[in-house]
Number of protein chains: 2
Amino acid sequence: MHLSNTSKYTIRILAYMVKQKESSLISAKELSENLNIPYKFLTKIMTELVKVGFIESIRGREGGYKFLKKASEITVGDVLALFNDAIKNEECILGIDSCDVKEKCALHDKWIKSKVQLQKMFRESTIESIAGEGTKI
Amino acid sequence: MHLSNTSKYTIRILAYMVKQKESSLISAKELSENLNIPYKFLTKIMTELVKVGFIESIRGREGGYKFLKKASEITVGDVLALFNDAIKNEECILGIDSCDVKEKCALHDKWIKSKVQLQKMFRESTIESIAGEGTKI
DNA sequence: TTTAATTACTACTCTAAGGTAGTATTAAAT
DNA sequence: ATTTAATACTACCTTAGAGTAGTAATTAAA
């Protein structure tokens, strides 16, 4: 019951970026050093974020990254969905294919409440809303 | 945000076993076939469950497994703890070492409610309590 | 126009989880 | 005693996530 490193990194990257001046570009070097994420692994993630349209990249000297989509319109749930960490509605927690209201797995009823709350929390946590003043990067 | 296959299998194994006659031994073959878990992988898990004292094994012909600890005293949380899937209280969801009430990670406050509920649910879900009549194996 | 600083791409290595294979050990049935 | 059906042990293979290395492409500064 954990998030992948990639998801963790991405949430921290986006939360860091939203705290910077909106217009300014942020380089992979700055992100890597300040967030303590391996440089090469970070650039791989950034390229993915560019591909899906969350982030815009400016190449070449003085280049860097900035938001393409608004931070208020990207949720933690969106990030988890990118890296296969999202809790899908139809997916059984015990991995049983045909688990549904008619044929429930052993944990179905107890899990469903937690699941709904988790999904709601991830869906309502926009990157903007989680990047508060006092929070650690 | 998923459980490992090992945890999923184990919960299903124990829930299956608790539905059988208390005194009877259950073989790896029966478990593997009925739960559709690879035989060799299952025996590896069973050996681990014997080692930690949840299960007792009887070797030799006509042997098999049965509960050593009572199913009402084994929780889903116990199983998750065995296979490193438990949500540890001190562990930050974003992987930040020093995340606590003084220095919070970006998700700290929103995560904590879900975390507490999840932990409670896993702690209160005994193997006996989840192995209901109509549930799928 | 050259250099420096940046992102993008391709192709690896490393590690742990998941899974498999073969053999040893045990003990009841025959 | 021998056979058979069971668990236990050791060693391996496979896969995906995590991380690394080198180079190409891009673009502003010098």
Whether each nucleotide of nucleotides 25-30 of chain C has a protein heavy atom under 4.0 Å at its base (B), only at its sugar-phosphate (S) or at neither (-) is summarised, 5' to 3', as BBBBS-

Below 4.0 Å: OP1/OP2 of C:dG19 and any side-chain N or O of B:Tyr9:
yes

So the contacted stretch of DNA chain D, first to last nucleotide with an atom under 4.0 Å from a non-hydrogen atom of chain A, runs from D:dA18 to D:dA29

Going by distance alone, is a donor N or O of one side chain under 3.5 Å from an acceptor N or O of the other, for A:Glu91 and B:His2?
-> yes

Report task. Assign A:Tyr65 to base, sugar-phosphate, or nothing according to its heavy-atom contacts below 4.0 angstrom with the strands shown. Result -> sugar-phosphate

- Check: B:Thr47 side chain, B:Thr43 main-chain N or O, donor-acceptor pair, under 3.5 Å: yes

Would B:Glu33 and B:Tyr39 count as having a side-chain donor-acceptor pair, cut-off 3.5 Å?
no

Would you call B:Lys44 and B:Glu48 a salt bridge, taking side-chain N to carboxylate O under 4.0 Å as the test?
no

Please check if the side chain of B:Arg12 supplies one atom and the backbone of A:Leu94 the other of a donor-acceptor pair under 3.5 Å. no

Quiz item: Between A:Ser27 and C:dA5, does any side-chain N or O lie under 4.0 Å from OP1 or OP2?
Solution: no

query = Base, sugar-phosphate, or nothing for B:Phe83, non-hydrogen atoms under 4.0 angstrom?
reply = nothing

Sorted by chain and residue number, the side chain to side chain contact (heavy atoms under 4.5 Å, CB included) partners of B:Asp109 (sequence neighbours excluded) come out as B:Lys104

- request: Please check if the side chain of B:Asp85 supplies one atom and the backbone of B:Leu3 the other of a donor-acceptor pair under 3.5 Å.
  value: no

Residues pairing under side chain to side chain donor-acceptor pair (under 3.5 Å) where one sits in residues 57-74 of chain A, two or more places apart or in two chains, turn out to be none

Point to revise | A:Ser7 side chain to A:Ser4 side chain, donor-acceptor N/O pair below 3.5 angstrom | key: yes

Quick note, side chain to side chain donor-acceptor pair (under 3.5 Å) partners involving residues 113-131 of chain B, not counting sequence neighbours, are A:Lys110-B:Ser129, A:Ser114-B:Gln117, A:Gln117-B:Ser114, B:Lys120-B:Glu124, B:Thr126-B:Ser129

What residues 41-50 of chain A contributes to the DNA chain D interface at heavy-atom separation below 4.0 Å is A:Phe41, A:Lys44

Whole-Å distance, B:Ile37 CD1 to C:dG19 C1', equals 13 Å

Parallel, tilted or perpendicular: which one describes the rings of A:Phe122 and B:Trp111, with boundaries at 30° and 60°? parallel

Original post:
Quick one: is C:dA17 close enough that its OP1 or OP2 comes under 4.0 Å of any side-chain N or O from B:Asn5?
Top reply: no

Between NE2 of A:His2 and P of C:dA16 the distance, given in whole Å, is 16 Å

In whole angstroms, the gap separating C1' of C:dT6 from CD of A:Glu33 amounts to 14 Å

Here the distance between atom P of C:dT15 and atom CG of B:Asn84, to the nearest Å, is 18 Å

